[in-house]
K.L.:
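Sharing a structure, written as structure tokens. Questions coming.
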Amino acid sequence: MRTLLKSTVSVASLLIALSLPGFAMADEPVKGGTLRILATGEPDHVDPALAGMVNTNNLLRAISRQLISYQASTDPDVAIKPVGDLATEVPQPTDDGLTYTFKLRQGAMWNAPSGARQITSADVKRGFKRLCNPHMQASTLTYFTALISGLSEFCDGFAKVQPTTAAMKKYAEENDIKGIETPNDQTVVFRLKERAGDFIYMLSLPMPAPAPVEVLDYIPDSPEYRTHFVGSGPYTIGEYTPDTSLKLVRNPAWKPESDPLRKAYVDDIEITMGLQADAIMQQLQSGDADLAYDINVPTAILATLAANGDEKLTALSAGNTNFLFINTVSGNNKGALKDIRVRQALSYAIDKAAIVQQWGGSKVAEPATGIFGLGVLGHHKFDLYPSPESKGDPEKAKALLADAGFPNGITLKMPYRNKDLEVATAATIQASMARAGIKLELAPVTAADYYSKFMTNPVNTKNGTWDIAPVGWTPDWVGGAARSVFQPQFTFDGTHQTYNYTDYNNPKANETAAKAINATTPEETGKLWAKVDEMVMADAPVVPLIANKNPRYRSEAVKNFQPYALGVEGDWTNLWIER
């Protein structure tokens with residue numbers, strides 16, 4: 001999903017625990033108590049099918065379950081290894097990689113109004129049907145329609161249905177997805193249209209979570225849906241006041257023996273909303289709250305906490321990369337940016353080390369050199385445009401510009417989001433470019449409009465309203481997530497992609513990416529995606545800037561802080577409280 005030098009705007013993400021302290025475990029678990037969480041705003045969704053933000057994954061980890069998930073762990077290799085959640089195990093595909101058969105755990109229950117009820121294969125299929133409801137579709141829908149046989153046809157029909165409760169329920173109950181078979185209550189079989197080594201990873205997302213039949217009586221994620229929420233995790237919704245507070249209480253239908261991933265030590269979880277970031281940090285430091293829901297540690301105090309070795313500070317990566325997209329479409333400067341020498345000059349000009357320091361130093365950011373972020377299979381150490389200590393090489397940049405016919409430099413237009421650190425980052429980029437004879441004309445754009453109205457409007461690109469633009473991207477799931485980075489931004493099949501602003505396309509990279517998608521081992525997948533990364537960067541369609549981590553803080557009372565990969569935060573369902 002898109003970000004702009006922030007890793008919190010995403011559906012899903014990848015975890016890497018960095019070299020900060022803060023992972024000490026208490027000797028014995030403590031059961032009971034309340035986990036107090038502070039937030040600036042509402043969860044974007046409570047309905048798993050519509051979840052979109054990274055922090056929402058922490059909420060859904062507590063109240064819902066998926067076929068596949070991850071063990072909370074400080075070991076990055078463990079944290080991104082898919083394991084069975086509702087599924088008894090991660091199955092090996094059959095039929096030359098086209099068929100996956102899952103067995104469901106006995107004792108995994110819905111907290112249904114009529115009483116606890118076993119989660120069945122029909123519930124799994126119903127979860128996939130809800131992905132393309134005509135009221136609001138899941139943000140990751142196209143990944144599943146591209147793979148699961150018959151899902152695209154089912155969704156085409158669903159799109160023609162009126163988005164009313166009755167009409168949607170009738171369609172869902174009377175129509176089937178041929179590629180999802182349910183031979184019995186405890187078995188579900190997926191038949192794919194092509195091999196996909198990352199299919200297992202996709203199933204860890206909250207969107208295709210199994211859905212009880214009761215949800216068909218409500219508009220997805222409506223107030224009525226939330227009021228009548230049917231939980232499957234160790235917690236469920238207790239008290240809820242929109243924009244103010246949300247309390248999770250123990251789910252009486254949940255059985256610990258049916259859940260290998262969640263211990264559920266605390267009795268309840270209270271989320272208080274509508275607070276400012278400074279107020280949240282003050283309460284965390286004083287011990288009046290335990291975790292932050294949707295903010296990172298503000299940069300103003302980050303350096304002090306890190307310098308003091310505060311063990312309650314942790315840095316986690318969402319696998320994102322931040323970069324400058326280069327406009328090769330417009331005719332500005334006589335089409336200068338179509339010349340690879342000019343694009344390479346931009347890569348040599350930028351002082352990435354300065355941006356790292358601006359964001360809080362090496363504890364929370366590092367220079368980026370490719371399109372894949374930390375922990376994504378395919379990320380590796382390479383740099384086609386190196387400079388000493390990543391500070392840029394202005395002389396190399398000037399030489400390339402001169403060779404391209406611009407001995408006196410060039411003037412470029414750069415918009416940026418007029419928000420937080422992005423203002424200062426734009427100024428740093430401007431200063432970097434100036435050393436190489438590249439003048440930037442900066443244009444602030446409101447955060448609300450930057451993507452929705454400015455960058456995603458192809459007219460702005462074609463007309464040369466911008467020449468280079470700071471953007472970023474966070475993968476939609478963890479581990480084998482390179483597809484969710486490459487396809488939306490760096491492929492073009494003749495139809496303009498929303499976030500491939502310049503219709504960039506490299507047929508050889510596409511061919512290698514197809515092989516990577518079809519690979520069935522992490523080792524082979526990683527090698528192929530690494531080649532794709534280098535192929536793309538050889539064309540220099542973007543200038544990688546930094547891969548930033550999320551600095552997170554917790555109270556002294558929080559113990560057993562084991563990060564959950566999709567949430568980029570300590571797992572609410574596995575930590576305990578000592579007051």
Side-chain angles (χ1 to χ4, degrees), residues 6-8 20-26 30-44 46 53-59 61-63 72 235 237-249 265-316 318 359-360 363-364 419-421 549-564 567-579:
K6 286 180 76 69
S7 58
T8 53
L20 286 178
F23 289 110
M25 293 174 57
V30 175
K31 295 185 178 181
T34 299
L35 177 63
R36 304 166 303 179
I37 300 174
L38 304 183
T40 63
E42 273 271 305
D44 66 327
V46 173
M53 304 289 283
V54 171
N55 42 276
T56 304
N57 293 334
N58 294 305
L59 169 64
R61 168 81 158 185
I63 62 178
Y235 301 95
I237 296 176
E239 302 169 7
Y240 173 53
T241 303
D243 300 313
T244 302
S245 64
L246 172 62
K247 183 175 183 178
L248 306 183
V249 298
Y265 293 117
V266 300
D267 284 334
D268 45 48
I269 301 170
E270 293 181 350
I271 304 174
T272 302
M273 310 165 198
L275 302 174
Q276 297 298 314
D278 290 345
I280 291 175
M281 280 302 301
Q282 289 173 6
Q283 293 191 54
L284 293 179
Q285 290 180 288
S286 67
D288 293 325
D290 300 312
L291 294 176
Y293 180 73
D294 55 358
I295 68 158
N296 292 324
V297 177
T299 306
I301 65 173
L302 177 61
T304 300
L305 294 174
N308 292 337
D310 195 320
E311 293 187 353
K312 300 182 290 298
L313 175 66
T314 311
L316 307 170
W359 280 77
K363 296 292 186 182
V364 294
K419 179 183 179 182
D420 303 331
L421 277 173
K549 296 96 175 178
N550 294 275
R552 308 292 288 178
Y553 196 79
R554 61 186 184 277
S555 75
E556 183 69 37
V558 174
K559 307 301 178 184
N560 196 41
F561 186 90
Q562 298 287 308
Y564 166 52
V568 195
E569 179 58 278
D571 186 357
W572 302 356
T573 69
N574 280 298
L575 56 79
W576 60 80
I577 299 297
E578 289 184 1
R579 302 204 194 280

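Please read all numbers here as calculations on a predicted model, not as lab measurements.
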K.L.:
Name the residue from Lys559, Arg36, Lys312 that meets the salt bridge (Lys or Arg N to Asp or Glu O under 4.0 Å) definition with Asp290.
P.N.:
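The salt bridge (Lys or Arg N to Asp or Glu O under 4.0 Å) with Asp290 is passed solely by Arg36 among Lys559, Arg36, Lys312.
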
K.L.:
Look only at the side chain of Arg552 and the backbone of Ala292, and say whether a donor-acceptor pair between them is shorter than 3.5 Å.
P.N.:
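Present.
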
K.L.:
Apply side chain to side chain contact (heavy atoms under 4.5 Å, CB included) to the pair Leu246 and Ile37, showing each step before the final yes or no.
P.N.:
CA-CA 10 Å; Leu246 172 62; Ile37 300 174; over 6 Å; no

K.L.:
For a 4.5 angstrom cut-off between non-hydrogen side-chain atoms, does Leu38 reach Ile295?
P.N.:
no

K.L.:
About how many Å separate CD1 of Ile237 and CD1 of Ile269, when rounded to the nearest 0.5 Å?
P.N.:
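Answer for the CD1-CD1 pair, Ile269 versus Ile237, is 12.0 Å.
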
K.L.:
Should Leu275 and Gln283 be marked as a side chain to side chain contact (heavy atoms under 4.5 Å, CB included) after you check the CA-CA gap, both sets of side-chain angles, and the distance that decides it?
P.N.:
CA-CA 11 Å; Leu275 302 174; Gln283 293 191 54; 4.2 Å; yes

K.L.:
For a 4.5 angstrom cut-off between non-hydrogen side-chain atoms, does Leu291 reach Leu575?
P.N.:
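In short, these two side chains touch, coming nearer than 4.5 Å.
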
K.L.:
Report yes or no: does Asn574 contribute a side-chain atom to a donor-acceptor pair with the main-chain N or O of Asn560 at less than 3.5 Å?
P.N.:
no

K.L.:
Which pair of non-hydrogen atoms, one from Met273 and one from Gly41, has the smallest distance, and what is that distance?
P.N.:
CG-O, 3.8 Å

K.L.:
Could you go step by step and tell me if Lys363 and Leu305 meet the side chain to side chain contact (heavy atoms under 4.5 Å, CB included) rule?
P.N.:
CA-CA 11 Å; Lys363 296 292 186 182; Leu305 294 174; over 6 Å; no

K.L.:
Strictly distance-based, threshold 3.5 Å: is any side-chain N or O of Asp44 a donor or acceptor partner for the main-chain N or O of Met53?
P.N.:
yes

K.L.:
Give, for atom CD1 of Ile301 and atom CG of Asp278, the distance between the pair rounded to the nearest 0.5 Å.
P.N.:
7.5 Å

K.L.:
Nearest 0.5 Å please: distance from the CG atom of Leu35 over to the CD atom of Glu270.
P.N.:
9.5 Å

K.L.:
When rounded to the nearest 0.5 angstrom, what is the spacing between NZ in Lys247 and OG1 in Thr272?
P.N.:
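If I round to the nearest 0.5 Å, the distance is 11.0 Å.
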
K.L.:
Write down the atom of Phe561, the atom of Thr314, and the distance for their closest heavy-atom approach.
P.N.:
CE2-OG1, 3.9 Å

K.L.:
Mind checking whether Trp572 and Tyr293 have parallel, tilted or perpendicular rings, split at 30° and 60°?
P.N.:
tilted

K.L.:
Minimum heavy-atom separation for Asp268 and Val249, please, with both atom names.
P.N.:
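Distance-wise, the nearest heavy atoms are CB-CA, 4.3 Å.
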
K.L.:
Using a distance-only test with no angle check, is there a side-chain donor-acceptor pair under 3.5 angstrom linking Tyr553 and Asp310?
P.N.:
yes

K.L.:
Return the minimal non-hydrogen interatomic distance between Ile271 and Ala39, and the atom names on each side.
P.N.:
CG2-CB, 4.2 Å

K.L.:
Should Leu284 and Met281 count as side-chain neighbours, where that means a heavy-atom distance under 4.5 Å?
P.N.:
yes

K.L.:
Under the 3.5 angstrom rule, does the side chain of Asn550 hit a backbone N or O of Leu316 as a donor-acceptor pair?
P.N.:
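Checked: pair present.
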
K.L.:
Is there a donor-acceptor pair under 3.5 Å between the side chain of Asn55 and the backbone N or O of Asp294?
P.N.:
no

K.L.:
Measure across Thr241 and Glu42 and return the closest heavy-atom pair with its distance rounded to 0.1 Å.
P.N.:
O-OE2, 4.3 Å

K.L.:
Determine whether Leu248 and Leu59 satisfy the following criterion, side chain to side chain contact (heavy atoms under 4.5 Å, CB included), listing intermediate values before the conclusion.
P.N.:
CA-CA 9 Å; Leu248 306 183; Leu59 169 64; 3.7 Å; yes

K.L.:
If I compare all heavy atoms of Pro551 with all of Leu302, which pair ends up nearest, and what's the gap?
P.N.:
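Residues Pro551 and Leu302, closest heavy atoms: CB-CD1, 3.6 Å.
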
